[in-house]
Asks: 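Here's a structure for you.
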Amino acid sequence: MTGPVTRRGSGIDRPSAALKQLSALTFDLHTDQPRLDLGPQGTRILKELIAAANAGLWVSVVILAATLVDVSMHESSQFDGMPFVDGNGGDDSVGDIQDEVFGLSYLTANERHQLDKLRAHRNALVHYEGPVAGVSGSADDEAALAATAEQALLAILPVLENLECWG
């Protein structure tokens, strides 16, 4: 990621507040080096997320933001070597459920709710189940998608902030 972060595509050529926060949190803007150990897939998704936000590709921002949360829960070094241990001292084979329950348990109820909304919006875009706000052909689609993308970036910040603190 190089250059300033700007919000394009909605007629606004100024930095998005959420994109500024994301960029500052995740990359040293002077060296272009990542500040978080997200693993190779997570780092690539993060770079493409920031590029999509800079380009005003709002659907891509929503999809990549939700995907980044999933990948960071499974790929980041924060969870390497930390299997869930059941009450009997053995590994729990359910895996994904524990990652979801215990991996994000530090979030507030509102932060979890924002991630749930993000995931639902991503799923609505990826798995067609009917019309979705922002891609309906309405005159206000661009503004609706830009707002949804901004919410997506804000929703993932607490997860990434935790990786910064503990990763």
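The first residue in the sequence is number 1, and the count goes up from there. Only this structure's heavy atoms are used, side chains among them; waters, hydrogens and symmetry mates stay out.
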Asks: Can you name the closest pair of heavy atoms from Ile63 and Arg122 and give their distance?
Replies: CA-CG, 3.6 Å
Asks: Would you call Arg119 and Asp70 a side-chain contact if the rule is heavy atoms closer than 4.5 Å?
Replies: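 With C-beta onward as the side chain, the pair touches.
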Asks: Going by side chain to side chain donor-acceptor pair (under 3.5 Å), name the residues that satisfy it together with Asp141, two or more places apart in sequence or in a different chain.
Replies: Ser136
Asks: If you look at every heavy atom in Pro158 and Leu107, which pair is closest and at what distance?
Replies: CB-CD2, 3.6 Å
Asks: Mind listing the closest non-hydrogen atom pair of Ala155 and Leu118 along with its distance?
Replies: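 For Ala155 versus Leu118, the nearest heavy atoms are CB-CD2, 4.3 Å.
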Asks: What's the shortest heavy-atom distance between Glu150 and Ala18, and which atoms?
Replies: OE2-N, 3.2 Å
Asks: Are any non-hydrogen side-chain atoms of Leu153 and Leu157 less than 4.5 angstrom apart?
Replies: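 Leu153 does not reach Leu157 side chain to side chain.
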Asks: Does any non-hydrogen side-chain atom of Val135 lie less than 4.5 Å from one of Tyr128?
Replies: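 Side chain of Tyr128 against side chain of Val135, heavy atoms only: no contact under 4.5 Å found.
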Asks: What's the shortest heavy-atom distance between Leu145 and Gly134, and which atoms?
Replies: CD1-O, 3.1 Å
Asks: Judged by atom type as modelled, is there a donor-acceptor pair below 3.5 Å linking the side chain of Thr43 to the main-chain atoms of Pro40?
Replies: no
Asks: Tell me, with the steps shown, if Trp58 and Leu125 meet side chain to side chain contact (heavy atoms under 4.5 Å, CB included).
Replies: CA-CA 11 Å; Trp58 308 131; Leu125 289 167; over 6 Å; no
Asks: Go through the structure and list residues passing salt bridge (charged side-chain N to carboxylate O under 4.0 Å, His left out) with Glu48, not counting sequence neighbours.
Replies: Arg44
Asks: Restricting to side-chain contact (heavy atoms from CB on, under 4.5 Å), what partner residues turn up for Leu68, sequence neighbours left out?
Replies: Leu38, Ile45, Leu46, Leu49, Ile156, Leu160
Asks: Do the non-hydrogen side-chain atoms of Gln114 and Leu154 ever get within less than 4.5 Å of each other?
Replies: no
